[in-house]
Amino acid sequence: MTTSDWPLWEVFVRSRRGLSHTHAGSLHAPDAEMALRNARDLYTRRSEGVSVWVVPSAAITASSPDEKDPFFEPAADKPYRHPTFYEIPEGVQHL
């Protein structure tokens with residue numbers, strides 16, 4: 001297997017300041033262990049991170065940009081999702 005045949009991996013890094021991992025970029029590697037080592041060397045070389053995740057790009061399922069309007073459109077036919085559907089009893093505070 002040549003380097004051009006290696007699978008693509010997506011890299012997520014959690015910085016010292018943040019609580020969640022953010023997408024840092026992509027890289028090619030033959031396996032998960034090498035992808036993790038390469039991601040560490042490439043994306044945290046200045047001690048920017050405390051945790052690194054690598055995920056095979058083929059394992060990610062994403063929504064299509066062409067379907068963004070219907071996919072993210074609010075569900076208007078489900079009024080129970082809105083707080084105006086419920087009556088708030090008298091005496092209930094901080095709701």
Side-chain angles (χ1 to χ4, degrees):
M1 180 183 277
T2 65
T3 56
S4 61
D5 296 330
W6 288 352
L8 184 65
W9 297 80
E10 299 302 324
V11 179
F12 299 86
V13 176
R14 185 175 72 192
S15 68
R16 292 184 192 278
R17 295 164 277 138
L19 297 176
S20 60
H21 287 76
T22 57
H23 186 255
S26 305
L27 56 83
H28 288 276
D31 56 35
E33 185 178 339
M34 185 61 78
L36 193 59
R37 289 174 189 245
N38 288 347
R40 178 200 60 201
D41 294 345
L42 186 61
Y43 294 106
T44 65
R45 58 184 155 202
R46 293 183 194 96
S47 301
E48 300 99 336
V50 295
S51 176
V52 178
W53 291 348
V54 291
V55 180
S57 293
I60 296 175
T61 304
S63 61
S64 169
D66 297 335
E67 297 175 350
K68 77 173 183 172
D69 291 335
F71 189 77
F72 292 103
E73 205 170 78
D77 62 333
K78 298 177 181 172
Y80 57 85
R81 291 187 177 184
H82 303 286
T84 56
F85 181 74
Y86 301 100
E87 291 183 24
I88 300 173
E90 225 176 281
V92 174
Q93 298 176 350
H94 309 294
L95 184 64

(message) Working to the nearest 0.5 angstrom, can you tell me the gap between Glu33 CD and Asn38 CG?
(response) 10.5 Å
(request) Output the distance between atom CZ (Arg37) and atom CG (Asp31), rounded to the nearest 0.5 Å. (result) 9.5 Å
(request) Provide the closest heavy-atom pair for Tyr43 versus Ser26 in the form atom of the first, atom of the second, distance. (result) OH-O, 3.0 Å
(message) Please find the pair of heavy atoms, one from Ala35 and one from Val54, that lie closest to each other, and give the distance.
(response) O-CG1, 3.7 Å
(message) Given 3.5 Å as the limit, does a donor-acceptor pair link the side chain of Trp53 with the main chain of His21, or not?
(response) no
For a quick test of your reading: what N or O donor-acceptor pairs under 3.5 Å do the side chains of residues 55-64 make, sequence neighbours left out?
unit_1	atom_1	unit_2	atom_2	d
Ser57	OG	Leu8	O	3.3
Ser57	OG	Glu10	OE2	2.6
Ser64	OG	Asp66	N	3.2

(request) State yes or no: do Val13 and Leu36 share one hydrophobic cluster built from I, L, V, M, F, W and Y residues joined by side-chain heavy-atom distances below 4.5 Å, directly or via other members? (result) yes
(request) Is it possible for you to say whether Val52 and Leu42 belong to one hydrophobic cluster, with membership spreading through side-chain heavy-atom contacts below 4.5 Å? (result) yes
